[in-house]
2 protein chains.
Amino acid sequence: MNHRGRAGGSVRREAAATRNLEAPLPPARSRTEDLVHRLRQEILSGALAPGARLPTEQRLCERLGVSRTVVREAVAALRADGLVITRQGVGAFVSADAQHRPFRIDAENLTSIARILDLMELRASIETEAAALAAQRRKASHLRELAARLAAFDAALAHGDAAVQADFGFHCAIAEAAGNAFFVDVLHYLGKLVIPRQSIRVLAQTPAAQTAYLRGVQAEHRAIHDAIVARDAPAARAAMLSHLQRSQERYRHMAGASGRRPV
Amino acid sequence: MNHRGRAGGSVRREAAATRNLEAPLPPARSRTEDLVHRLRQEILSGALAPGARLPTEQRLCERLGVSRTVVREAVAALRADGLVITRQGVGAFVSADAQHRPFRIDAENLTSIARILDLMELRASIETEAAALAAQRRKASHLRELAARLAAFDAALAHGDAAVQADFGFHCAIAEAAGNAFFVDVLHYLGKLVIPRQSIRVLAQTPAAQTAYLRGVQAEHRAIHDAIVARDAPAARAAMLSHLQRSQERYRHMAGASGRRPV
DNA sequence: AACCATCATGTTATATGACAACAAGACAAG
DNA sequence: CTTGTCTTGTTGTCATATAACATGATGGTT
């Protein structure tokens, strides 16, 4: 028996080549990936209900004409995804919480300036509310943390990269003060996507322009900080919204100025 | 050689048993899971930088004293997670975007009413902004969709379960009208977590109470809808915020009324 | 009858060896 | 310098065997 039925893959690859000679990466799914895809679809579509038992490894081997290695690797992948759980000596079952897949934003979705602005918009919606909640709920410890983050930003004014980190730290401290762990989690997640791009934008400027830019950012930070200290939720919301809208504007400007290729 | 060095696992299990005889599930990691954990930590900690090449399967087998089966399953799991990518004949490499892990909220995190209210708060922050954006950007097609969803809700008033679905559909339509795909994605993700619980709450009531409750919801929906039609972003934001705050209030009330156990 | 130890069976977990598919460099021929 | 071939190393797949585990059946004991 041919150990690897690449016939299908080869056909796909050739077809792609005729359409575009520049084709850099023929996907050419492996058997394992194929099986993962099939099982995942069956689970997500509900054909395999939560709690249902998957066919045994032997049956899957027979039905699909693959080796146990392939089946086991596929199941391992699904288990890593949290879609199935296996019990030695019993079988493999569809996870009870298979329905709510993890939320994820791929880097491929962020190839255009418009998409990045969309992401910043999403972030803004969360942070404005976080600022308002922080104004209502902040404790003394949160205020100390906020002040410390502001000071850290001041200290980092001269170093563009460190300043971007400190900037994010200030925002995280606000999310912490909001007293809702979900806000912190989401912000961290989005931050990892946005920060690198922001950092590059900042560092592309001259040192003098960097400092001027960062001073402006810091002034907006202080406005947010003051509103939170004053327990003025609407003001905090407005200050954060204004801050992030200007941030979007700055990004739009810098992206437009330094060529069309977003990073 | 002993084919499965369960010594460590057994020790762990016994230790746990001495601490708590009720121990329901000794984790007892398998070798595969162990290796997945180790490699994942090395990647996330940065010890294995993005783009770096992993040791070959043979080397991993030798160093860790496990079979190739274990190594391959572990790598398959990491590949499913998007942390590594493998190229036949070349090797396995840490993915470039290994840093930003998918965002996920486990069901275990939602065991208390407070946590669920936190989640509703997060959802509110996103939806209020979505409503405001929808008011600014909605096209004619969006208005048609919104009207259709409202009508669907009216039609489902009698059937509690269908009404909850229609309710969510209306909210999704607003996110669509906001013209930012991320809002739709996040709402869908959060919806899968919130909807079932909301549904149970509604169905626990008497039919008459259900209808009264749903009529109140629908009135709030209309207020949001009208603000979006009028392109009045602040009004849309306020209407949505009010709607969701009342929703939180209702949940708090129902949760308090029907026993302490959240679902 | 109720209880408990033991066994048989089926399943997953792991180990091992082999071969196929592929990539990249070495190397010689043109 | 280019091109084709070979060698080597790596991942992908197959096949088989054994260990660990769960579950129900069996049969003996109380």
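Protein chains get the first letters and strands the later ones, always in sequence-line order, with residue 1 at the start of each.
Asn180(A) places a side-chain N or O within 3.5 Å of a backbone atom of Asp118(B) that can act as its donor or acceptor partner.
A sub-4.0 Å separation between OP1 or OP2 of dT13(D) and a side-chain N or O of Thr32(A) is present. Regarding contacts with the backbone of dT14(C), every side-chain N or O of Arg68(A) stays at 4.0 angstrom or more from both OP1 and OP2. Phosphate proximity of dT14(C) to Ser67(B): absent, as no side-chain N or O sits under 4.0 Å from OP1 or OP2. Residue Arg79(B) has a polar side-chain atom (N or O) positioned under 4.0 Å from OP1 or OP2 of dG12(D).
The nearest heavy atom of DNA chain D to Val66(A) and to Gly91(B) marks one nucleotide each, and the one closer to the 5' end goes with Gly91(B). Each of Gln58(B) and Thr69(B) has a nearest nucleotide on DNA chain D; the 5'-most of these lies closest to Gln58(B).
In this structure the side chain of Thr69(A) never reaches within 4.5 angstrom of the side chain of Thr69(B), judged on heavy atoms.
Taking only side-chain atoms of Gln88(A), from C-beta outward, the nucleotide of dA20(D), dT16(C), dG12(D) with the closest atom is dA20(D). Out of dA24(C), dA15(C), dC14(D), the shortest distance to the side chain of Arg31(A) is found at dC14(D).
No more than 12 heavy atoms of other residues, nucleotides or ligands lie within 6.0 Å of CD in Gln58(A), so this atom counts as exposed by the packing criterion.
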Go through Val75(A) and Glu57(A) one step at a time and tell me if the side-chain contact (heavy atoms from CB on, under 4.5 Å) criterion holds.
CA-CA 9 Å; Val75(A) 172; Glu57(A) 295 178 354; 5.7 Å; no
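Heavy atoms of Thr56(B) sit under 4.0 angstrom from primed sugar atoms or phosphate atoms, though from no base atom. Residue Arg59(A) is classed as having no contact, given no heavy-atom separation below 4.0 Å to the nucleic acid. Among the atoms of the strands shown, only primed sugar atoms or phosphate atoms (P, OP1, OP2) are found under 4.0 Å from some heavy atom of Thr86(A).
Computed from coordinates, the Leu78(B) CG to dT11(D) P distance equals 14 Å when rounded to whole Å. Counting to the nearest Å, the C1' atom of dA13(C) and the CG atom of Leu35(B) are 14 Å from each other.
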